[in-house]
**Student:** 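Here it is: the structure, laid out below.
Just so it is clear: chains get the letters A, B, ... in the order the sequence lines come, proteins before strands, and each one is counted from 1.
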Amino acid sequence: MVGQHAEGKLDNGVAKVVCAAKAVGGDIEVVVFATAGAAVAGQAAAIEGVTKALHVDRAENEHPLAAVLAPQVVALAKAGGYTHVLAAGNTFGKDLLPRVAALLDVQQVSDVMAVHSTTSFDRPIYAGNAIVTVEAMAAPCVVATVRLASFQAAGTAGAAAPVEAVSTDAQLPAHTRFVSLAAQKSERPDLQSATRVVSGGRALGSAEKFKEVMEPLADKLGAAIGASRAAVDSGYCASDMQVGQTGKIIAPELYVACGISGAIQHLAGIKDARTIVAINKDPDAPIFEVADFGLVGDLFQLVPEFAQKA
Amino acid sequence: MKALVSVKRVVDYNVRIQVKPDGSGVATDGVKMSMNPFDEIAMEEAVRLKEKGVVSEIVAVTVGSAKCVETLRTALAFGADRAIHVVEEGEVQPLVAAKALVAVCGKENPDLFLLGKQAIDDDANQTGQMVAALLDRPQATFASKVEIAGTKATVTREVDAGLQTIEIDLPAVITVDLRLNEPRYLKLPDIMKAKRKPVENTTLGDLGVQAAGGLKIVKTASPAARSKGVMVKTVDELIAGLKNKGLL
Ligand SMILES: Cc1cc2nc3c(=O)[nH]c(=O)nc-3n(C[C@H](O)[C@H](O)[C@H](O)COP(=O)(O)OP(=O)(O)OC[C@H]3O[C@@H](n4cnc5c(N)ncnc54)[C@H](O)[C@@H]3O)c2cc1C
Ligand SMILES: Nc1ncnc2c1ncn2[C@@H]1O[C@H](COP(=O)(O)O)[C@@H](O)[C@H]1O
C-alpha cells in the first residue's frame, strides 16, 4: 500500500485502504515516500492490521509527484514480490497508481468497493449507476485503488508494527517539477472524512450568500461544507469542495443538500451517505428521490431556521 | 507545435442508463451516444491553443468500433485538422487504449497529448497516466489551467487539498478537468466542413497492440436502491425526524 501524507501527517484514507487490504488477506505493508519519513511511517505502523511500515527517504520525495513516485513504487513492487499494490481512490492514488500499473503492464482496478477474493472485486461504473464484478489477473500482481467511501477506517493496533527504512535504485525523472500548492485552510472537518456534510448548489446565487447561508448551519452541526459542480463553476466556493462523480465521493452519517437539484453526477458522490436531507423549492427535484427527509421551500428561509433550531 | 487529442464515444451524460436484466452489461442499443464530456474540454483547449498560435496542428484519435467515427467527426468539427481511427470492435480497456495511443504517438510525435481525466462510462481515470508512463514523459492530470511557454508547460491541477501547480517539460501528457474551459457550441458550417477532413483508419494489429488480457467482467448489477424517505412540512418536523434517528 502506498500511504499518502502531508505536513507530517498520514492521510485519513490510509486506514480505510488498510481495511480493504485486510479483506484481501495476507501481510499488509504500507510505504511512505518522504524526505524523512520515519515519523509518518510510524503513524502507519500504528494502524491495526499493518504488518510493517516502510519509508523511502529521498530529497525528490518532498512533494507527491506521480512521475517521481511511480518508478520507486514499481522498483519496490518488483523486488518485494507483492501480490497487490493498493492506494486510496483519491486524487493522490488516481494520479499515481495507473502510472505504476502501466509500468508493471497490469490493467488497474479503479475504485474497489467490495472485495470477494484476492482477485475478484466490485467497482462502480456510469457514476455508480451500475456495479461490475471484475476478475483481475493475479500475475504479476493486482493493482487497485480503493473507493474510500466503501470502507471503514481500521482501528489502532495494540502494538505498533515495525518501521523500516528502505531504498530503491529507481532512476527518477527531472521533467516534472512542483511549483506550489494553494490549499484551503479551514477549521472545519475534512470533507472526505466528516460525519456530517452540508452542501450548497447553484441556488445560493453568489459566493457571499453561499458563505452567509451555509456556514452557520455547518458551524451548528459541526459539519464540513460541500458543493455541487454548478456552485463551484459559478465561483461560489473552492473546487476541492465539489461532491460527485468527478469530485469527492463521501459517506457521511448526515448529508444536507441545499438548493441542489440532484443530477446523477452529484448523486454519485453521496450514495453512501447514511441519511440525506434535501431542501429545495421544486417538489419535483430529483434529489427528493434519494432523500430520507425532504423539505420543499425557499432555502434562504429554511436553512437559517434549521441552523438556529438544530 | 503538434497536439494529439484522444476522444472516446460514450453514452451521453444525460442518459439514465439501464443495467441489462441478465447482468451482461449496460443497455446501449438505441441509446444516445456522445463524445466523452472531458474530451470535449480537451478538444476545446487544443483549439484555443491553435487560435493563440501556440499549436499549429491538431490530430484527434479514437480507439473503438466503426461507429466511433461519429466522435471523430465531432472532433474535426471542433477544429481538429485530421483524425486517426484505431478500429476495434471489442471492448477496449484503459491499458489497451493507452498502448494503442502510445503507438500512435510513436508515429505522430505530438508535443502535447490532451486527454479527458476520466471517461464517464468506465469511470476508470487511468488512460492518460498510463500513456505518460509508457512514453516515460511527464503527466499533469486533472488540469484546470494550462500555460505553455516554449518547451515547458505550467499546469494547475485540481487535487483534494486544493490547487497544485507543476511545471513539466514537453512533450507531455495532460488530462483535463471540468473547469479548464467551457467547450464551444458546434456550428453547422463547421460540422459540414468536418465531413471533408481526412480520417485515417488503422487497427490494434497494425499498431502491434494485443487486445487480450485485462480485467474479466464477471457481471453487471444495479446498485442497491435507497429506501423511500419522507417529506416533512416544516423545519421543526425535520429536526424531530433527525433527533429520532439520533442524528441531532
Ligand atoms: C462530465 C460531468 C461531470 C459532472 N460531475 C459533477 C460532479 O462531480 N458533481 C456535481 O455536483 N455535478 C457534476 N456535474 C454537473 C451536474 O450534471 C449538474 O449540472 C450539477 O450537479 C447541478 O448543480 P446544482 O444542483 O447546484 O444546480 P441546478 O441543477 O441548477 O439546481 C439548482 C436547484 O436549486 C433549486 N432552487 C433554486 N432556488 C432555490 C431556493 N431559493 N430555495 C431552494 N431551492 C432552490 C432548484 O429547484 C434546483 O433544483 C457533472 C456534469 C458533467 C457533464
Ligand atoms: N478507447 C478510447 N479511445 C479514445 N480515447 C480514449 C479511449 N479510452 C480512454 N480514452 C481517453 O482517456 C481518457 C480517460 O479514460 P479512462 O481512463 O477510461 O477514464 C478519456 O477521456 C479519453 O480521452
**Student:** Of the backbone (N, CA, C, O) and the side chain (C-beta and beyond), which part of A/Ile264 lies under 4.5 Å from a heavy atom of chain B, both, or neither?
**Tutor:** side chain
**Student:** Go through the side-chain N and O atoms of A/Gln242 and B/Arg179 and say whether any donor and acceptor fall under 3.5 Å apart.
**Tutor:** yes
**Student:** For B/Lys2, does the NZ atom have more than 12 heavy-atom neighbours from other residues, nucleotides or ligands under 6.0 Å away?
**Tutor:** yes
**Student:** For B/Leu95, does its backbone N or O pair with a side-chain atom of A/Gln107 as donor and acceptor, under 3.5 Å?
**Tutor:** yes
**Student:** State whether B/Asp169 and A/Arg177 are salt-bridged, where the test is any N-O pair (Lys NZ or Arg NE/NH1/NH2 against Asp/Glu carboxylate O) under 4.0 Å.
**Tutor:** yes
**Student:** Could you measure the distance from the CG atom of A/Leu295 to the OG1 atom of B/Thr234? Nearest 0.5 Å is fine.
**Tutor:** 7.5 Å
**Student:** Please identify, among B/Glu167, B/Gln18, B/Lys152, B/Gln164, the residue contributing the most non-hydrogen atom pairs under 4.5 Å to chain A.
**Tutor:** B/Glu167
**Student:** Name the region of A/Val100, side chain, backbone, both or neither, that has any atom closer than 4.5 Å to a heavy atom of chain B.
**Tutor:** neither
**Student:** Are there more than 12 heavy atoms of other residues, nucleotides or ligands under 6.0 Å from atom CD of B/Glu237?
**Tutor:** yes
**Student:** Atom CG of B/Asp136 and atom NE2 of A/His175: how far apart are they, to the nearest 0.5 Å?
**Tutor:** 5.5 Å
**Student:** Rounded to the nearest 0.5 Å, what separation is found between the CE atom of B/Met130 and the CZ atom of A/Arg99?
**Tutor:** 12.0 Å
**Student:** Looking at A/Ala127, is its backbone amide N or carbonyl O close enough to the side chain of B/Asp123 to form a donor-acceptor pair, meaning the two atoms are under 3.5 Å apart?
**Tutor:** yes
**Student:** Step through the shown structure and confirm whether more than 12 heavy atoms of other residues, nucleotides or ligands are within 6.0 Å of CD on A/Glu62.
**Tutor:** no
**Student:** Please state whether the side chain, the backbone, both or neither of B/Lys243 comes within less than 4.5 Å of a heavy atom of chain A.
**Tutor:** neither
**Student:** Is it the side chain or the backbone of A/Asn129 that comes within 4.5 Å of chain B heavy atoms, both, or neither?
**Tutor:** both
**Student:** For B/Tyr13, is it the side chain, the backbone, both, or neither that has a heavy atom closer than 4.5 Å to a heavy atom of chain A?
**Tutor:** both
**Student:** Name the option with the most non-hydrogen atom pairs under 4.5 Å to chain A; the candidates are B/Gly162, B/Gly229, B/Ala133.
**Tutor:** B/Ala133
**Student:** Quick one: CD1 on B/Ile239 to CD on A/Glu305, what's the gap to the nearest 0.5 Å?
**Tutor:** 7.5 Å
**Student:** Quick check on the interface: out of B/Leu242, B/Asp177, B/Thr175, B/Val15, who has the most heavy-atom pairs with chain A under 4.5 Å?
**Tutor:** B/Leu242
**Student:** Under 3.5 Å, is there a donor on one side chain and an acceptor on the other for B/Lys245 and A/Thr275?
**Tutor:** yes
**Student:** Between A/Asp95 and B/Gln139, does the side-chain contact (heavy atoms from CB on, under 4.5 Å) criterion hold? Intermediate values first, please.
**Tutor:** CA-CA 9 Å; A/Asp95 188 34; B/Gln139 70 186 46; 2.8 Å; yes
**Student:** Taking it one step at a time, do A/Asp240 and B/Asp160 satisfy side-chain contact (heavy atoms from CB on, under 4.5 Å)?
**Tutor:** CA-CA 6 Å; A/Asp240 54 16; B/Asp160 290 332; 6.0 Å; no
**Student:** Tell me, side chain or backbone of B/Leu170 under 4.5 Å from chain A's heavy atoms, or both, or neither?
**Tutor:** neither
**Student:** Report which part of A/Ile276 has an atom under 4.5 Å of a heavy atom belonging to chain B: side chain, backbone, both, or neither.
**Tutor:** both
**Student:** Nearest heavy-atom pair of B/Thr220 and A/Ala130: which atoms, and what distance?
**Tutor:** CG2-CB, 4.0 Å
**Student:** By a 4.5 Å heavy-atom criterion (distance strictly below it), what part of B/Val10 contacts chain A: side chain, backbone, both, or neither?
**Tutor:** neither
**Student:** Side chain, backbone, both or neither: which part of B/Ser144 has an atom under 4.5 Å from a heavy atom of chain A?
**Tutor:** neither
**Student:** Can you name the nearest heavy-atom pair linking A/Leu181 to B/Ala161, along with the distance?
**Tutor:** CD2-CB, 4.4 Å
**Student:** Grab the two heavy atoms, one from A/Phe306 and one from B/Val235, that are nearest each other, plus how far apart they are.
**Tutor:** CA-CG1, 3.7 Å
**Student:** Please identify, among A/Lys248, A/His63, A/Lys271, the residue contributing the most non-hydrogen atom pairs under 4.5 Å to chain B.
**Tutor:** A/Lys248
**Student:** Which atom names give the shortest non-hydrogen contact between A/Met137 and B/Gly214, and what distance separates them?
**Tutor:** CE-N, 3.6 Å
**Student:** Side chain from CB out, backbone as N, CA, C, O: work out which of these in B/Ile17 comes under 4.5 Å of a heavy atom of chain A, or both, or neither.
**Tutor:** side chain
**Student:** Which of the residues A/Asp105, A/Val74, A/Leu96, A/Thr246 is involved in the greatest number of heavy-atom pairs with chain B at under 4.5 angstrom?
**Tutor:** A/Thr246
**Student:** In terms of heavy-atom proximity below 4.5 Å to chain A, should B/Ile120 be classed as side chain, backbone, both, or neither?
**Tutor:** both
**Student:** Among A/Arg196, A/Glu253, A/Arg274, which has the most heavy-atom pairs under 4.5 Å with chain B?
**Tutor:** A/Arg196
**Student:** Find the distance between CG (B/Leu178) and CD (A/Gln265) and round it off to the nearest 0.5 Å.
**Tutor:** 9.5 Å
**Student:** For each of B/Thr154, B/Asn125, B/Asn14, B/Val96, tally heavy-atom pairs with chain A at distances under 4.5 Å, and name the one with the top tally.
**Tutor:** B/Asn125
**Student:** With only heavy atoms counted, which part of B/Gln118 is less than 4.5 Å from chain A, the side chain, the backbone, both or neither?
**Tutor:** side chain
**Student:** Which of the residues A/Ala263, A/Pro283, A/Ser180 is involved in the greatest number of heavy-atom pairs with chain B at under 4.5 angstrom?
**Tutor:** A/Ser180
**Student:** Supply the atom-to-atom distance B/Leu215 CG to A/Glu135 CD, rounded to the nearest 0.5 angstrom.
**Tutor:** 9.5 Å
**Student:** Heavy-atom pairs under 4.5 Å with chain A - which of B/Arg137, B/Gln93, B/Glu182, B/Lys117 has more of them than the others?
**Tutor:** B/Arg137
**Student:** Among B/Asp121, B/Thr141, B/Leu248, B/Val218, which residue forms the greatest number of heavy-atom pairs with chain A at distances under 4.5 Å?
**Tutor:** B/Asp121
**Student:** What part of B/Val19 gets within 4.5 angstrom of chain A, counting heavy atoms only: side chain, backbone, both, or neither?
**Tutor:** side chain
**Student:** Is B/Val26 close to chain A through its backbone or its side chain, or both, or neither, when contacts mean heavy atoms under 4.5 Å?
**Tutor:** side chain
**Student:** Which pair of heavy atoms, one from B/Arg226 and one from A/Ile270, lies closest together, and at what distance?
**Tutor:** NH1-O, 4.0 Å
**Student:** Can you tell which part of B/Ala221 gets under 4.5 Å to a heavy atom of chain A, answering side chain, backbone, both or neither?
**Tutor:** both
**Student:** Please state whether the side chain, the backbone, both or neither of A/Pro124 comes within less than 4.5 Å of a heavy atom of chain B.
**Tutor:** backbone
**Student:** Which atoms of A/Lys309 come close to chain B, meaning under 4.5 Å heavy atom to heavy atom: side chain ones, backbone ones, both, or neither?
**Tutor:** both
**Student:** Counting only heavy atoms closer than 4.5 Å, note whether A/Ala70 contacts chain B via side chain, backbone, both or neither.
**Tutor:** neither
**Student:** Under 3.5 Å, is there a donor-acceptor pair between the side chain of A/Thr91 and the main chain of B/Val159?
**Tutor:** no
**Student:** Taking all non-hydrogen atoms of both residues into account, name the closest pair between B/Leu134 and A/Ala102 and its distance.
**Tutor:** CD2-O, 3.6 Å
**Student:** So B/Pro94 and A/Gln108, do their side chains get closer than 4.5 Å, heavy atoms only?
**Tutor:** no
**Student:** Which bit of A/Ala174 is near chain B, if near means a heavy-atom gap under 4.5 Å: side chain, backbone, both or neither?
**Tutor:** backbone
**Student:** Determine, for B/Lys228 against A/Asp292, whether the closest basic-nitrogen to carboxylate-oxygen distance falls under 4.0 angstrom.
**Tutor:** no
**Student:** Salt bridge or not between A/Glu289 and B/Arg16? Use side-chain N to carboxylate O under 4.0 Å.
**Tutor:** yes
**Student:** Using heavy-atom distances under 4.5 Å, tell me whether A/Leu97 contacts chain B through its side chain, its backbone, both, or neither.
**Tutor:** neither
**Student:** At a 4.5 Å cut-off on heavy atoms, which part of A/Arg123 comes close to chain B: side chain, backbone, both, or neither?
**Tutor:** side chain
